[in-house]
Amino acid sequence: MQKAFGQAGKGVFPGSTIMKAEICRQYQVEVVGDAGHVKQRFYAQTVDRRIKHPSVLAITELAKQ
């Protein structure tokens, strides 16, 4: 609902900075501010004990550092 109100010019909604251009294009909105140092976390889960996919392996190795 926040996106619908924001798109209609009746409210605001949060969005990722990296997606700013796409959000503005898709919802025909403009940026009104920046929340500062908000962090977002992503989690990867696997049923295998050993990670095999090269991309997932690279992400988990970087996360350990």
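Start at 1 with the first residue, then count along the sequence. When reading the values below, keep in mind they use all heavy atoms of this one structure, side chains included, and skip hydrogens, waters and symmetry mates.
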Compile the donor-acceptor pairs under 3.5 Å between side chains in residues 57-64 and protein atoms, sequence neighbours left out, one pair per line.
| unit_1 | atom_1 | unit_2 | atom_2 | d |
| --- | --- | --- | --- | --- |
| Thr60 | OG1 | Val56 | O | 3.1 |
| Thr60 | OG1 | Leu57 | O | 2.9 |

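Going from atom CD of Gln28 over to atom CD1 of Ile23 covers 13.5 Å, rounded to the nearest 0.5 Å. The distance from the NZ atom of Lys3 to the CE atom of Met1 is 14.0 Å, given to the nearest 0.5 Å. A distance of 8.0 Å separates CD of Gln7 from CD of Gln26, quoted to the nearest 0.5 Å.
Gln2 has its side chain out of reach of Val12: every pair of non-hydrogen atoms, C-beta onward, lies at least 4.5 Å apart.
Note on Ile18 and Val29: same hydrophobic cluster, where clusters join Ile, Leu, Val, Met, Phe, Trp and Tyr whose side-chain heavy atoms are under 4.5 Å apart, directly or indirectly.
Taking the six-membered ring for Trp and the full ring otherwise, the centers of Phe13 and Phe5 sit at least 6.0 Å from each other.
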